[in-house]
Protein chains: 2
Amino acid sequence: MADQTAGLRRTQLGDIAPIQNLPLRMQIAERLRTAIISGRLQPGAVLVETALAEQMNVSRAPIREAIQILENDGLVETIAYKGKRVKPLSAREVEETYGLREIFEVSAAQRILDRNVSVAPLWECCEAMEKAVHDDNYEALVAADEAFHRTLIQLSDHELLLSLWNNLYMRIHQIMALRNRGERNLAEIAGNHPPIVKALESGDREIATQLIARHTRALAEFDPASIAEFPE
Amino acid sequence: MADQTAGLRRTQLGDIAPIQNLPLRMQIAERLRTAIISGRLQPGAVLVETALAEQMNVSRAPIREAIQILENDGLVETIAYKGKRVKPLSAREVEETYGLREIFEVSAAQRILDRNVSVAPLWECCEAMEKAVHDDNYEALVAADEAFHRTLIQLSDHELLLSLWNNLYMRIHQIMALRNRGERNLAEIAGNHPPIVKALESGDREIATQLIARHTRALAEFDPASIAEFPE
DNA sequence: ACGCTGCATACTGTCGACAACTAACAATCA
DNA sequence: TGATTGTTAGTTGTCGACAGTATGCAGCGT
């Protein structure tokens, strides 16, 4: 039941694709989420249900439910009877987002140390990272970096923490997409990883904590002017 | 436009009240949320949209949206095309919930120490607590306890953390309601608070962290058998 | 007895139309 | 002029009906 007129219609976000048998709200939510975290839909952008419904050739109900989901993700904000928009990102929120990341990573490290978990998977991530640096493959580098941090959280063996992490990382993706390409020093920042793993391996709590905190703060550096403010 | 037939109808969750001008979905979400965290709707309970709609005399749309909101809160779980139910609480989830609480409180304490924030508000909470103990007022005791912990988070001056905390505490309320009255030692546990504040005041990082961790773990004690498991 | 097929049922998912609300602007009157 | 009140346009909120999906059971064939 593919939509045969898809190619003819002016389409900003594209038609919904009948790829899977998931409910429409999920396909729509996924599509909107991608648009937001990629920066295509910028903070402050207004989401009008009727317009989206028409663009995607669905009724308003699944659109509304999809937007609800995104609201849960913290990507969209609703003002009753007035409208919905992509949540504005204040400098403070960006800062707090990275602050939370630091909290999560440091806490995960504590748990790893408390439980004597093997850090072998982290070494693997470091190797993947080195390879990406050697190949000068930026895509792979970003992926490997994310894998390293996610692995750190996973090793802490705390599912709730992991799900919070996934949500947080989504917003970090959005922030990174909105920045004017901070890729320059990513490779250099990647060099921080092995010492962290080494500290974890040798059970050095203090050092590990400090290294992670410093690493996270390095990642948080950004040009505040590059994130537009949408007050009101 | 109050519903004049409200008194006649059999009603399990009660009719929705036209108290405020909030959208129905919010009133319904609030009502369901209360029912869940109070334990009236137990984990595993199935939520049937049509039934709820009939009970509350509204259409299914706001019911669906309300359930979405509760899903975001982590209180309800949806299985596409099958149904929705109050999220089952495994022993592991309960444990992780308190683990997260520990992470949040310890991290908040670190931030308070990092920034030399005045802990005066915490002393006030301690006083309210003592008064409740002296009056043998259990309600006030619970409220004061919650106020203490929320204040700790608030002093860390991190809005994202605070909102995560509010969500977490909601689920802790639910867990407490499902336990067979663990009130016995609450007064005694309350005695842990002043030492924590003292440690924070004197900037003793190590002690503060340990006291908070121990306090949180004391709160987490529970009879695993008192929380039903709903596998499948 | 066993497995398959095809209803029947009880839900959730989706739709299109209508109601309610807000904000902005025009018209009215002191 | 300036404040107040209609009025209208644009949006979200709500509804009732219909379509789609999963599950259990009856009936059939082997």
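Letters A, B, ... mirror the listed sequences (proteins, then strands); counts begin at 1. As the structure is a computational prediction, the values presented were derived from the model and not from experiment.
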Whole angstrom value for the distance that separates C1' of dG13(D) from NZ of Lys82(A): 16 Å
Degree of bending, the helix from dA1(C)-dT30(D) to dA30(C)-dT1(D) (end axes from five pairs; round to 10°): 0°
Qualifying side chain to side chain donor-acceptor pair (under 3.5 Å) pairs, either residue in residues 158-172 of chain A, two or more places apart: Arg150(A)-Asn166(A)
Euclidean distance, atom CZ of residue Arg60(B) to atom C1' of dT14(C) [Å, nearest integer]: 9 Å
Out of dG16(D), dT12(D), dT14(C), whichever nucleotide has its closest atom nearest the side chain of Ser59(B): dG16(D)
Nearest to side-chain heavy atoms of Leu24(A), which nucleotide of dC15(C), dA23(C), dC11(C): dC15(C)
Salt bridge (charged side-chain N to carboxylate O under 4.0 Å, His left out) between Arg111(B) and Asp157(B), intermediate numbers included: CA-CA 8 Å; Arg111(B) 286 176 59 93; Asp157(B) 191 38; 5.4 Å; no
Side chain of Thr50(A) - closest among dT14(C), dT14(D), dT12(D): dT12(D)
Length of the line joining Glu54(A):CD and dC15(C):P, which is rounded to integer Å: 14 Å
Main-chain N/O of Leu160(B) paired with Glu96(A) side-chain donor or acceptor, under 3.5 Å: yes
Check: Glu105(A)/His215(A) side-chain N/O donor and acceptor closer than 3.5 Å: no
Integer-rounded Å distance: dA19(C) P and Arg25(B) CZ: 20 Å
Rounded distance in Å - CD1 (Ile79(B)) to P (dT21(D)): 18 Å
Ser107(A) (side chain) donor-acceptor with Phe104(A) (main chain) under 3.5 angstrom: no
Nearest listed nucleotide, side chain of Arg64(B), among dC15(C), dT12(C), dT12(D): dT12(C)
Cut-off 3.5 Å, no hydrogens considered: what does the side-chain donor-acceptor table look like for residues 73-80 of chain B, sequence neighbours left out?
unit_1	atom_1	unit_2	atom_2	d
Asp73(B)	OD2	Arg33(B)	NH1	2.2
Glu77(B)	OE2	Arg85(B)	NE	2.9
Glu77(B)	OE2	Arg85(B)	NH2	3.0
Thr78(B)	OG1	Glu71(B)	OE1	3.0

Separation of dG13(D) C1' from Ile63(B) CD1 (nearest whole Å): 14 Å
Residue whose nearest DNA chain C nucleotide is more 5′ - Tyr81(A) or Glu65(A): Glu65(A)
Candidates dA22(D), dC15(D), dG13(D) - which lies nearest the side chain of Pro62(B): dC15(D)
Closest listed nucleotide, where the reference is the side chain of Glu49(B) and the choices are dT12(D), dC15(D), dG13(C): dG13(C)
